[in-house]
Amino acid sequence: MDLCNIDDIRAVLGRHGFRFSKSLGQNFLTAAWVPARIADSCGVDKTGCALEVGPGMGCLTEQLSQRADKVCAIELDRALFPVLEETLAHCDNIEIVQGDVLKCDLAAICREKFGDAPVYACANLPYYITTPAISALLASKSFQAITVMVQKEVAERICAPAGTSAYSAFSIYIDYYADAEILFDVPRNCFVPQPKVDSAVVRLTPRSAPPVPVCDEKLFFSLVKAAFGQRRKTLANALSSVLGGALGKEGIVKLITDCGFDARVRGEKLSLADYAALTELAHQRLNK
């Protein structure tokens with residue numbers, strides 16, 4: 001059985017009476033090179049294990065099983081369990097567990113299923129959970145690398161440098177916790193049902209420490225969130241929601257200029273290091 005062959009896909013799904021769920025953002029791969037390349041790129045080998053989120057038909061799961069010592073796949077849709085039981089019957093190192101990646105204790109699952117082995121995460125993420133799912137995977141601190149397929153524009157936002165149109169608060173969040181790179185694009189015609197946009201595969205390698213020291217993470221991320229919450233505003237105006245009560249408008253402008261930035265600068269012009277410096281000075285002035 002070719003798990004990326006459209007005829008085989010339709011035959012298997014038909015036998016089990018499966019219907020695609022728009023609410024779950026289900027799109028199955030029909031190009032065999034994609035799961036093979038994801039599995040090759042994620043970094044796992046027989047000395048490690050793989051955790052997959054959303055196995056779908058099991059085409060990536062199958063590829064991971066050929067490279068990893070063990071694979072655990074988390075699937076939310078119970079209707080896919082009999083499908084996966086058939087498509088992965090020939091693989092003896094795969095376990096499918098029912099669960100929601102946004103609610104699971106990923107660290108506990110990794111300890112239970114893999115012990116002390118190094119673990120690599122892989123996923124073909126539906127758009128509606130991309131940001132929280134990636135955040136959950138990073139927050140678990142359980143993975144050597146996280147390789148995910150997302151919408152192409154999301155991949156560009158994840159890896160965007162400061163000053164570009166794609167640069168966002170999420171770009172800074174990712175850069176704080178991981179080194180990110182776009183590995184390759186996946187055209188929309190590689191899926192069934194065919195989505196309206198192209199995808200891309202991104203690999204995140206968690207950092208052992210942030211690239212720059214931050215004195216107050218809570219304040220740091222609140223400043224970043226405020227700065228990008230209203231992109232058309234200057235940074236001084238955007239930060240009023242966080243610092244206005246304590247520093248006032250003039251105090252915020254002085255904070256920005258004392259960090260070496262133009263008083264009219266917008267938030268998307270500042271790098272992670274710039275926000276770290278801004279946080280350091282803000283922390284000092286808030287705690288006088």
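Values reported hereafter were calculated over all heavy atoms of this structure, with side chains retained and with hydrogens, waters and symmetry mates removed. In this chain, numbering begins with 1 at the start of the sequence shown.
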Nearest heavy atoms of Pro35 and Leu60, plus distance in Å | O-CD1, 3.5 Å
Can you tell me if Asp274 uses its side chain to pair, donor with acceptor, with the backbone of Ser271 under 3.5 Å?
-> yes
In Å and rounded to the nearest 0.5 Å, what is the CD to CD1 distance from Glu268 to Ile172?
-> 10.0 Å
Leu76 reachable from Ile96 in the ILVMFWY side-chain graph, under 4.5 Å edges = no
Step by step, would you call Leu243 with Leu286 a side chain to side chain contact (heavy atoms under 4.5 Å, CB included)?
-> CA-CA 9 Å; Leu243 302 175; Leu286 291 172; 3.8 Å; yes
Atom CG in Leu137, atom CG in Leu204: separation rounded to 0.5 Å?
-> 8.5 Å
Checking side-chain hydrogen bond (donor to acceptor under 3.5 Å, both in side chains) against Asp198, which of Arg188, Gln151, Lys152 comes through?
-> Arg188
OG on Ser168 to CD on Glu156, rounded to 0.5 Å = 12.0 Å
Side-chain contact test, heavy atoms from C-beta onward, threshold under 4.5 Å: evaluate it for Trp33 versus Cys190 and give yes or no.
-> yes
Side chains of Lys113 and Val97: does their closest heavy-atom pair fall under 4.5 Å?
-> yes
Nearest non-hydrogen partners of Met149 and Ser199, listed with the distance = CG-CB, 3.9 Å
Rounded to the nearest 0.5 Å, how far apart are SG of Cys42 and CZ of Arg67?
-> 8.0 Å
Heavy-atom side-chain proximity of Glu217 to Tyr176 below 4.5 angstrom | yes
Pairwise distance CG(Leu29) to SG(Cys59) - rounded to 0.5 angstrom = 4.5 Å
Is the shortest heavy-atom distance from the side chain of Phe170 to the side chain of Thr130 under 4.5 Å?
-> no
According to a 4.5 Å side-chain heavy-atom criterion applied to Ile, Leu, Val, Met, Phe, Trp and Tyr, with indirect links allowed, do Val150 and Val201 form part of one hydrophobic cluster?
-> no
Among residues two or more places apart or on two chains, list those pairs meeting side chain to side chain donor-acceptor pair (under 3.5 Å) that have a residue in residues 238-256.
-> Asn237-Lys249, Lys254-Asp258
Report yes or no: do Val154 and Leu102 belong to one cluster of Ile/Leu/Val/Met/Phe/Trp/Tyr joined by side chain heavy-atom distances under 4.5 Å?
-> yes
Checking side chain to side chain contact (heavy atoms under 4.5 Å, CB included) for the pair Thr61/Leu3: CA distance, chi angles, key distance, verdict?
-> CA-CA 10 Å; Thr61 325; Leu3 300 184; over 6 Å; no
For His90 and Met1, what are the C-alpha separation, side-chain angles and deciding distance, and is it a side chain to side chain contact (heavy atoms under 4.5 Å, CB included)?
-> CA-CA 10 Å; His90 60 292; Met1 184 187 302; over 6 Å; no
Short side-chain to backbone donor-acceptor contact, Ser171 and Arg157, under 3.5 Å = yes
Please check if atom CG in Asp116 has more than 12 non-hydrogen atoms from other residues, nucleotides or ligands closer than 6.0 Å.
-> no
Just do the side chain to side chain contact (heavy atoms under 4.5 Å, CB included) check on Val44 and Val71 with the steps written out, would you?
-> CA-CA 10 Å; Val44 74; Val71 179; over 6 Å; no
Any chance you could measure His283, atom NE2, to Asp216, atom CG, to the nearest 0.5 Å?
-> 5.5 Å
Heavy-atom pair with the smallest gap, counting every atom of Gly56 and Leu80 | O-CD2, 3.8 Å
Closest heavy-atom pair, Val34 versus Phe184, reported as atoms and distance to 0.1 Å, is O-CZ, 4.3 Å
All heavy atoms of Val101 vs all of Ala133, minimum pair found to be CG1-CB, 4.2 Å
Distance-only donor-acceptor check, side chains Glu280 and Gln284, under 3.5 Å = yes
Measure from the side-chain N and O atoms of Arg203 to the backbone N and O of Ser41, and report whether any donor-acceptor pair falls under 3.5 Å.
-> yes
Is Tyr275 reaching over with its side chain to a backbone N or O of Gly267, donor-acceptor style, under 3.5 angstrom?
-> yes
Do Ile129 and Ile174 share a hydrophobic cluster (ILVMFWY, side-chain heavy atoms under 4.5 Å, transitive)?
-> yes
Is Ile134 reachable from Leu51 through a run of I, L, V, M, F, W or Y residues, each pair having side-chain heavy atoms under 4.5 Å apart?
-> yes
Locate the shortest heavy-atom distance separating Ala107 from Ser140; write the atom from each residue and the value.
-> CB-O, 4.0 Å
Sort and list the pairs that fulfil ring pair (Phe, Tyr, Trp, His ring centres under 6.0 Å) and have at least one residue in residues 120-169, not counting sequence neighbours.
-> Tyr167-Phe228
Donor-acceptor contact present, side-chain Asn93 to main-chain Ser65, <3.5 Å | yes
Answer whether the closest heavy-atom distance between the side chains of Gln63 and Asp40 falls below 4.5 Å.
-> no
Could you go step by step and tell me if Asp69 and Lys46 meet the salt bridge (Lys or Arg N to Asp or Glu O under 4.0 Å) rule?
-> CA-CA 5 Å; Asp69 179 51; Lys46 289 299 181 181; over 6 Å; no
For residues 6-18, dump all side-chain donor-acceptor pairs below 3.5 Å to protein atoms at least two apart in sequence or in another chain.
unit_1, atom_1, unit_2, atom_2, d
Asp8, OD2, Asp2, N, 2.9
Arg15, NE, Glu86, OE2, 3.3
Arg15, NH2, Glu86, OE2, 2.4
His16, NE2, Glu86, OE1, 2.7

Does any non-hydrogen side-chain atom of Leu138 lie less than 4.5 Å from one of Tyr173?
-> yes
Any sub-3.5 Å donor-acceptor pair from Glu75's side-chain atoms to Asp77's backbone N or O?
-> yes
Heavy atoms of other groups near Arg207 CZ, more than 12 under 6.0 Å = yes
Heavy atoms, side chains only, cut-off 4.5 Å: are Phe191 and Thr30 in contact?
-> no
